[in-house]
K.L.:
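Below: one structure in structure tokens.
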Amino acid sequence: MESKFEMTIGGKRVEPNQYTAIRNPATGDVVGHAAIGDITHLDRAIAAAEDAFNTWRWSSDLARREACRAIAKVCLDNAAELAGLLTLEQGKPLKGLGSEFELAGCAAWANGTADLSLPVKVLQDNEAGRIEMHRVPIGVIGSITPWNWPLMIAIWHIVPAIRTGNTVVIKPSPFTPLSTLLLVRLINEVLPAGVVNVISGGDELGAALSRHPTVRKMVFTGSTVTGRKVMASAAASLKLLTLELGGNDAGIVLPDADPKPIAERLFWGAFINSGQTCGALKRLYVHDSIYREICDALVDVASSVKMGDGMDPANALGPLQNERQFKRIIELVDEARASGATILTGGRPRGHGYFYPVTLVANIEEGTRLVDEEQFGPVLPIIRYSDADDAVRRANGTEYGLDASVWGNDQAAVDMVVSKLEAGTVWVNKHAEIAPHVPMGGIKSSGIGVEFGEEGLAAYTNIKIINTTF
Ligand code: NAD
């Protein structure tokens with residue numbers, strides 16, 4: 001595999017003055033060297049995107065659809081190389097719900113977004129006149145992505161932007177830049193120069209991108225703390241914003257749920273990507289009457305799932321992605337243990353690399369950081385409740401409002417809980433299922449706006465009213 005990964009600006013590979021080594025979180029080995037861009041690269045990338053916008057904004061709907069489909073094909077044709085690189089730099093398994101799954105998701109979202117459209121709406125057509133509402137492109141879109149699902153989230157930002165006639169400058173996370181640098185280079189083989197540009201480097205490049213006056217909209221996926229900074233930086237030039245931020249998703253298991261059949265779904269709802277997923281199940285509220293059975297069923301599933309180097313197909317879970325996250329998980333579990341919680345399984349790091357085993361924590365409640373904060377790792381607190389209204393109140397008692405789930409068979413009881421939960425998405429008897437045609441977004445401190453579906457696509461457009469009288 002090549003060792004140096006350059007930026008792509010205006011359709012050309014751009015050498016920086018400096019590179020940084022990116023290491024495999026499973027082994028500590030160097031995977032490759034990522035370009036460190038500076039402010040001059042940022043300015044060049046934005047100028048290239050602005051230049052390309054002058055042409056791309058007038059492209060036909062068909063050309064834009066075809067561009068999205070060409071991106072899907074790039075993802076599929078290069079899936080082996082991209083997925084291998086993603087596993088090496090991110091840590092997630094190649095198989096199962098890992099890198100190959102992420103590449104399949106990239107293609108599905110690119111094709112799914114090609115299928116969406118925003119037809120002209122006729123708001124009035126009578127003797128007084130005809131009024132039409134059109135959706136027009138915004139301009140240069142700045143995109144900033146996190147390290148947990150680097151390629152999927154890059155596609156979620158890039159594809160709707162170009163589908164609606166915009167151009168893009170994307171900055172990946174400094175923890176996982178390689179796969180995005182490669183993806184954008186490959187995408188540039190099928191798109192006009194400058195429509196999608198990538199710069200890589202530290203957090204300060206993200207800050208400069210969100211401040212830049214030429215950028216008309218920021219789409220940001222990452223932590224709530226950084227989301228607030230992006231919003232503040234964007235204020236000076238009144239940029240539009242889509243912010244997909246943190247979550248602390250609660251699941252509520254009602255007394256009539258059947259523990260064994262739901263255990264596997266609960267488990268993967270929480271532990272997909274070793275828990276490093278915004279919309280993963282992060283707090284599980286279980287009714288007193290089945291608390292013990294749910295805990296036992298989850299421990300059973302945990303004992304059957306292997307964790308290890310993602311390149312080994314036997315492993316269904318990988319390490320934490322970086323040292324900061326690894327240390328945070330150690331701290332949160334140690335603190336929960338010290339507060340008297342019961343560690344049902346896991347609870348201590350093991351071996352070389354940032355591996356932390358699947359950890360189920362019982363006899364725990366609010367007031368412990370593992371419950372109150374977003375853990376973003378392979379640890380699930382299982383919280384006992386006896387009254388459904390009380391469970392809802394506790395589930396809602398967080399600054400976050402990304403998603404939630406309800407588990408049970410009594411339709412009336414399920415409906416009551418669903419209606420009271422404060423979240424952008426509420427699933428019933430499942431968790432973390434998303435689709436390109438279904439809007440997704442958080443409320444409260446989990447974000448602003450939605451991605452996906454027509455509403456997500458519309459967020460990449462300005463409304464233009466044409467009001468005519470003849
Ligand atoms: P992060 O906020 O630390 O970093 C995200 C990106 O922001 C990185 O590219 C980083 O370089 C950049 N950045 C840092 N400082 C910046 C600044 N001042 N201005 C502009 N950009 C800046 O987040 P992370 O640790 O990479 O990702 C984990 C977080 O992302 C979790 O909280 C998770 O819930 C959230 N997330 C949310 C979603 C969602 O759709 N809601 C999806 C994935 C991850």
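Order of appearance sets the numbers: ligands from 1, and atoms from 1 within every ligand. Position 1 is the first residue of the sequence; numbering continues from there. Below, each value reflects all heavy atoms present in this structure, side chains not excepted, and no hydrogens, waters or symmetry copies. Because the structure is predicted, anything quoted here is derived from the model rather than measured.
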K.L.:
Can you confirm, on distance only, whether ligand 1 has an N/O atom lying under 3.5 Å from any N/O atom belonging to T221?
P.N.:
no
K.L.:
At less than 4.0 angstrom from any non-hydrogen atom of K171, what atoms of ligand 1 do you find?
P.N.:
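Here the atoms of ligand 1 in question are 9 (O), 10 (C), 11 (O).
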K.L.:
If you measure every N or O of E451 against every N or O of ligand 1, does any of those distances drop under 3.5 Å?
P.N.:
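Looking only at distances, the answer is no, because the N/O contact criterion of under 3.5 Å is not met.
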K.L.:
Are T277 and ligand 1 in contact, using a heavy-atom cut-off of under 4.0 Å?
P.N.:
no
K.L.:
Is a side-chain N or O of N111 found less than 3.5 angstrom from the main chain of A72, in a donor-acceptor match?
P.N.:
no
K.L.:
For atom 41 (N) of ligand 1, which protein heavy atom lies nearest, and how many Å away is it?
P.N.:
L245 O, 2.7 Å
K.L.:
Quick test: of every protein heavy atom, which one is nearest to atom 32 (O) of ligand 1, and how far off is it to 0.1 Å?
P.N.:
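Sorting protein heavy atoms by distance from atom 32 (O) of ligand 1 puts E374 OE1, 2.7 Å first.
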K.L.:
Are W147 and F376 close enough that their ring centres sit under 6.0 Å apart?
P.N.:
yes
K.L.:
Under 4.0 Å, counting heavy atoms only: does R324 come that close to any atom of ligand 1?
P.N.:
yes
K.L.:
I need the atoms of ligand 1 closer than 4.0 Å to a non-hydrogen atom of G246, numbered in the order shown.
P.N.:
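Matching atoms, with element in brackets: 32 (O), 34 (O).
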K.L.:
Among all protein non-hydrogen atoms, which one is nearest to atom 27 (O) of ligand 1, and what is the separation to 0.1 Å?
P.N.:
P146 CB, 3.4 Å
K.L.:
Report, in ascending order of atom number, the atoms of ligand 1 lying under 4.0 Å from any heavy atom of G206.
P.N.:
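Answer for ligand 1: 19 (N), 20 (C), 21 (N).
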K.L.:
List ligand 1 atoms under 4.0 Å from W147, heavy atoms only on the residue side.
P.N.:
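In order of numbering, the contacting atoms are 24 (P), 25 (O), 26 (O), 27 (O).
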K.L.:
Below 4.0 angstrom, N of the basic side chain to O of the carboxylate: do R328 and E373 qualify?
P.N.:
yes
K.L.:
Should the pair K92 and W149 be classed as cation-pi, given the thresholds of under 6.0 Å to the six-membered ring centre and 45° from the axis?
P.N.:
yes
K.L.:
E102 side chain to M152 main-chain N or O, any donor-acceptor pair under 3.5 Å?
P.N.:
yes
K.L.:
Tell me: protein heavy atom nearest atom 12 (C) of ligand 1, and distance?
P.N.:
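Answer, as residue, atom name and distance: I144 CG2, 3.6 Å.
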K.L.:
So does E89 get a backbone contact from the side chain of N24, meaning a donor-acceptor N/O pair under 3.5 Å?
P.N.:
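Absent.
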K.L.:
Counting each atom of ligand 1 from 1 as listed, which ones have a heavy atom of F376 under 4.0 Å away?
P.N.:
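Per the distance check, 28 (C), 31 (C), 33 (C), 34 (O).
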K.L.:
Any carboxylate oxygen within less than 4.0 angstrom of a Lys/Arg side-chain nitrogen, looking at E399 and K444?
P.N.:
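K444 and E399: not salt-bridged.
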K.L.:
Strictly below 4.0 Å, N to O, side chains only: are R163 and D115 in salt-bridge contact?
P.N.:
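No.
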K.L.:
Report the part of W149 (side chain from C-beta onward, or backbone N, CA, C, O) that has a heavy atom under 4.0 Å from ligand 1; answer both or neither where that applies.
P.N.:
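Neither part.
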K.L.:
Could you check if a side-chain atom of V169 sits within less than 4.5 angstrom of a side-chain atom of V196, using non-hydrogen atoms only?
P.N.:
no
K.L.:
Decide whether an N or O pair under 3.5 Å exists between L402 and ligand 1.
P.N.:
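No, no N or O pair falls under 3.5 Å.
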K.L.:
Closer than 3.5 angstrom, by distance alone: can the side chain of T277 be matched with the main-chain N or O of N273 as a donor-acceptor pair?
P.N.:
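Looks like no, no N/O pair under 3.5 Å.
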K.L.:
Going by the closest heavy atom to atom 4 (O) of ligand 1, which one wins out of N148, N248, T226?
P.N.:
T226
K.L.:
Tell me if a side-chain donor or acceptor on T226 pairs with a main-chain N or O of G222 at a distance below 3.5 Å.
P.N.:
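It does not hold such a pair.
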K.L.:
Does the N or O separation between S223 and ligand 1 drop below 3.5 Å for any pair?
P.N.:
yes
K.L.:
Do any N or O atoms from the side chain of N166 and from the backbone of Y460 form a donor-acceptor pair under 3.5 angstrom?
P.N.:
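Such a contact is found between N166 side chain and Y460 backbone.
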K.L.:
Indicate, as side chain, backbone, both or neither, the part of F220 found under 4.0 angstrom from ligand 1 when only non-hydrogen atoms are considered.
P.N.:
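Only the side chain of F220 comes within reach of ligand 1.
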K.L.:
Can you tell me if P174 contacts ligand 1 (heavy atom of the residue under 4.0 Å from the ligand)?
P.N.:
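Right, P174 reaches ligand 1.
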K.L.:
In terms of ring plane angle, is the pair Y354 and F326 parallel, tilted or perpendicular, where the classes change at 30° and 60°?
P.N.:
tilted
K.L.:
Compare T176, I153, T145, D203 and give the one whose heavy atom is closest to atom 8 (C) of ligand 1.
P.N.:
T145
K.L.:
Does K229, backbone or side chain, put an N or O under 3.5 Å from an N or O of ligand 1?
P.N.:
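So ligand 1 has no N or O lying under 3.5 Å from an N or O of K229.
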K.L.:
Quick check: does V230 get an N/O under 3.5 Å from an N/O on ligand 1?
P.N.:
no
K.L.:
Tell me: protein heavy atom nearest atom 35 (C) of ligand 1, and distance?
P.N.:
G222 O, 3.1 Å
K.L.:
Check this for me: does any side-chain nitrogen of one of E331 and R369 sit under 4.0 Å from a carboxylate oxygen of the other?
P.N.:
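Between R369 and E331 there is a salt bridge, with a charged N closer than 4.0 Å to a carboxylate O.
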K.L.:
Atoms of ligand 1 less than 4.0 Å from E244 heavy atoms?
P.N.:
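The atoms of ligand 1 under 4.0 Å from a heavy atom of E244 are 37 (C), 38 (C), 39 (C), 40 (O), 41 (N).
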K.L.:
Considering C278, S200, A232 one by one, which has a heavy atom nearer to atom 36 (N) of ligand 1 than any of the others?
P.N.:
C278
K.L.:
For a 4.5 angstrom cut-off between non-hydrogen side-chain atoms, does V406 reach L421?
P.N.:
yes
